[in-house]
Amino acid sequence: MSTPLADDGAPDQRLHPWSWLFVLLMQLRQFLLPLVALVVFGGRGDSDQEEMWSNLAALVVIVVLVAVSILQYLTFHYRIGRDAISVRSGVISRNRREIPFARIHNVVVHQNPLHRLFGVAELRLESAGGNRPEAEMRVLKLDQALALEQLVRQRGQQQVASGDTTAVQTPDVPAEDVLLQLGTADVVRVGLLSNRGWVVVLAAIGASYQLFPRGAVDDAIEHGGRQAFGYASSLHPATWVWVVAALVMVIGFWALLRVFSVAVALLRYHGFRLTEHERRLTVASGLLTRMRTSVARRRIQAWTLRETALQRWFNRRHLRIDIAAGVSTDGERRDLRELAPLARPEACNTLVQHLLPELQWPPAQWRPVPLRGWWRLCLPSLVIVPLLAAGAVWEVGPWGALVLAWLPWSALRAHRTMAHMGWHLDARYVAVRGGWWQRWWRFAELDKLQALRLGRSPLDRWLGTSSVWLDTAGANGSIALCLRYLPEAEARAVFEQLNAAFVKRRPYR
């Protein structure tokens, strides 16, 4: 029988004594709606006895949740060894999990306002490709969580002081190199140059439909609109007044979106700080909920630079990375994704060059994509817009033909997008760029590529083009790493070059 990795004489340790309270609050959040429904609707019986039984049932459920939370605290133990962490948990079914330090790709130290009030934190250990963390420790003292994070960084090189079962003993954390730091003005600029305000608007619309009876929101909007337009029509305003009023409403709504965007940015990026120590990156940010995530540089699979037209006018860009780690089942973003929420292009390029010193970024020369067949990018508009215009003319008359004004813009955007597309390939990395109104650059080291595919659609066969699709571990988002619309011979040559790089690639580092 082999000895577990973490069995080297280290003592078992428990979570913080108040951890059961945080587990209870998490469970109550999941059962909140059923409990409210049980108390409210169960208390509408014809007799006091029925109301008493419904209240008693709700009380029993709460007592059970409290008992389960306490049992989870009593049965959760962890042990920090030289090379791994051992976690034992379970009330009825006992589980033991051995987590080698080398397997941990991402460490998250999470603090919501309640955590900060009690001086504790939640620690999550992430591995590549998992839908759940390898271990979730709810909750530890803040100094324990930071010390354990430091142990993971050092890959088990630190030793646990014998006989101490209350805290992880590590040397003083060495100073970290600050790669990027955002002040309050920078975070406000992130909000002003982004469209995060739509998150608040869409969330408010969704909440209104959930909280109010079905149809009540639609009826309120319709009734309010009729009253407003009826009152305005009674004043008999001139045409220019209608135009000015419409412009004021559009500007007001845009300003409100900026306010919401700034609020969301402050909540998420306040105190943003990107640091590096021993080839490991750490990002800490958040106003109310503080999040500290870290990842080893070798875990980075791909890089993405993006800029909207508004950001380009203010000389700003956004830098994201893909890492080989999963997303929780509830869709919560746990891993490190953003290295620079907003920074100058020179700062983004400097950051890339620092983290990838063996690469030349940006490339000295981009290989263009032939403009032949640029119209394929506006093909959906060429089909859909005339149909919409025909329907509009049928409904509102000749004014409906104004829908066709979208076609020149669509053609211009397609032509400029194809003109901006390009790619670069050398012995170390592959890069693509695209977009026009909103531009992006995406690249990855050849050692990180996981899959390679040469694709041709019926339109490609007609135009004599092909696309080379590349994939990396942890790939996500709407931008694919793909060399699109290359001449067939050129695409096959690129495919063979990449395939040869796959054969002689050096071991994963």
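Everything numeric here is computed off the predicted structure, so don't read it as measured data.
Residue Q365 places its CD atom among 12 or fewer non-hydrogen atoms of other residues, nucleotides or ligands, all under 6.0 Å distant. Within a 6.0 Å sphere centred on CZ of R196, heavy atoms belonging to other residues, nucleotides or ligands number more than 12.
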Under the side-chain hydrogen bond (donor to acceptor under 3.5 Å, both in side chains) rule, what do S86 and E98 come out as? Steps first, then yes or no, please. CA-CA 5 Å; S86 177; E98 300 287 338; 3.2 Å; yes

Carefully, step by step, assess L140 and L15 under the rule side chain to side chain contact (heavy atoms under 4.5 Å, CB included). CA-CA 6 Å; L140 299 171; L15 301 176; 3.7 Å; yes

Between Y269 and V188, does the side chain to side chain contact (heavy atoms under 4.5 Å, CB included) criterion hold? Intermediate values first, please. CA-CA 9 Å; Y269 299 115; V188 171; over 6 Å; no

Could you walk me through whether D322 and R442 pass the salt bridge (charged side-chain N to carboxylate O under 4.0 Å, His left out) check? CA-CA 11 Å; D322 294 344; R442 186 166 172 83; 2.6 Å; yes

Pair T304, R320 - check side-chain hydrogen bond (donor to acceptor under 3.5 Å, both in side chains), show working. CA-CA 5 Å; T304 305; R320 290 175 60 90; over 6 Å; no

Pair F22-H115, ring-ring contact (aromatic ring centres under 6.0 Å, His included): steps then yes or no: CA-CA 9 Å; F22 291 90; H115 289 142; 4.8 Å; yes

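Annotation: the span from L356 atom CG to F443 atom CZ amounts to 6.0 Å, rounded to 0.5 Å. Distance check: C482 SG to L470 CG gives 7.5 Å after rounding to the nearest 0.5 Å. Interatomic distance, CD of E346 versus CD of Q353, reported as 11.0 Å (0.5 Å rounding). One finds the CG atom of L498 at 5.5 Å from the CG atom of L452 (value rounded to the nearest 0.5 Å). Note that OG of S467 is 8.5 Å distant from CG of L483, once rounded to the nearest 0.5 Å. Residue Q72 holds its CD atom at 10.0 Å from CG of L24, rounded to the nearest 0.5 Å.
Relative ring orientation between W366 and H424 is described as perpendicular, the plane-to-plane angle rising above 60° on a 0-90° scale split at 30° and 60°.
Closest approach of F272 to P341, counting heavy atoms only: CZ-CD, 3.5 Å. Shown here for Y78 and R14, the closest heavy-atom pair between the two residues is CE2-O, 3.6 Å. The heavy-atom pair separating P363 from Y429 by the smallest distance is CG-OH, 3.3 Å. Taking every heavy atom of both residues into account, L192 and R258 meet most closely at O-NH1, 2.8 Å. Contact detail for A480 and V432: the closest heavy-atom pair is O-CG2, 4.4 Å. The minimum heavy-atom distance linking L481 with A444 is given by the pair CD2-CB, 3.8 Å.
Of the residues E307, E338, Q311, the one that meets the side-chain hydrogen bond (donor to acceptor under 3.5 Å, both in side chains) test with H318 is E338. When each of E122, M291, R292 is checked for a side chain to side chain contact (heavy atoms under 4.5 Å, CB included) with V108, only M291 meets the rule. Exactly one residue among V352, L180, L355 makes a side chain to side chain contact (heavy atoms under 4.5 Å, CB included) with L339. That residue is L355.
For the pair D447 and R428, the salt-bridge criterion is not met [side-chain N within less than 4.0 Å of a carboxylate O]. For the pair D12 and R88, the salt-bridge criterion is met [side-chain N within less than 4.0 Å of a carboxylate O].
No donor-acceptor pair closer than 3.5 Å links the side chain of Q181 to the backbone N or O of L179. Put simply, the side chain of R189 never gets that close to the backbone of R316: no donor and acceptor are under 3.5 Å apart. In this structure, D186 contributes its side chain and G183 its backbone to a donor-acceptor pair below 3.5 Å. Panel note: side chain S285, backbone R268; a donor-acceptor pair is recorded below 3.5 Å. With D143 contributing its side chain and L146 its backbone, the two residues share no donor-acceptor pair below 3.5 Å. At distances below 3.5 Å, at least one donor-acceptor pair connects side-chain atoms of R290 with backbone N or O atoms of G286. Of the possible donor and acceptor atoms, one in the side chain of S261 sits under 3.5 Å from a partner among the backbone N and O of G197. Side-chain N or O atoms of R124 include none that pairs as donor or acceptor with a backbone N or O of A135 at under 3.5 Å. Checking side-chain atoms of K448 against main-chain N and O of I300 turns up a donor-acceptor pair under 3.5 Å. Side-chain atoms of E149 never come within 3.5 Å of backbone atoms of V107 as a donor-acceptor pair (strictly under, hydrogens ignored).
Using a 4.5 Å heavy-atom threshold, the side chains of P362 and N349 count as touching. Contact check for R306 versus R439: no side-chain heavy atoms found under the 4.5 Å cut-off. Taking the side chain as every heavy atom from C-beta outward, R433 and W423 never approach each other to under 4.5 Å. A 4.5 Å side-chain heavy-atom check between L182 and R273 finds every atom pair outside the cut-off. Here the side chains of N195 and L257 are not in contact, with every heavy-atom distance at 4.5 Å or above.
Both tests do not hold together for R317 against W440: distance to the six-membered ring centre under 6.0 Å, angle to the ring axis within 45°.
A donor-acceptor contact closer than 3.5 angstrom links the side chains of E276 and H354.
The aromatic ring centroids of W437 and W409 lie less than 6.0 Å from each other.
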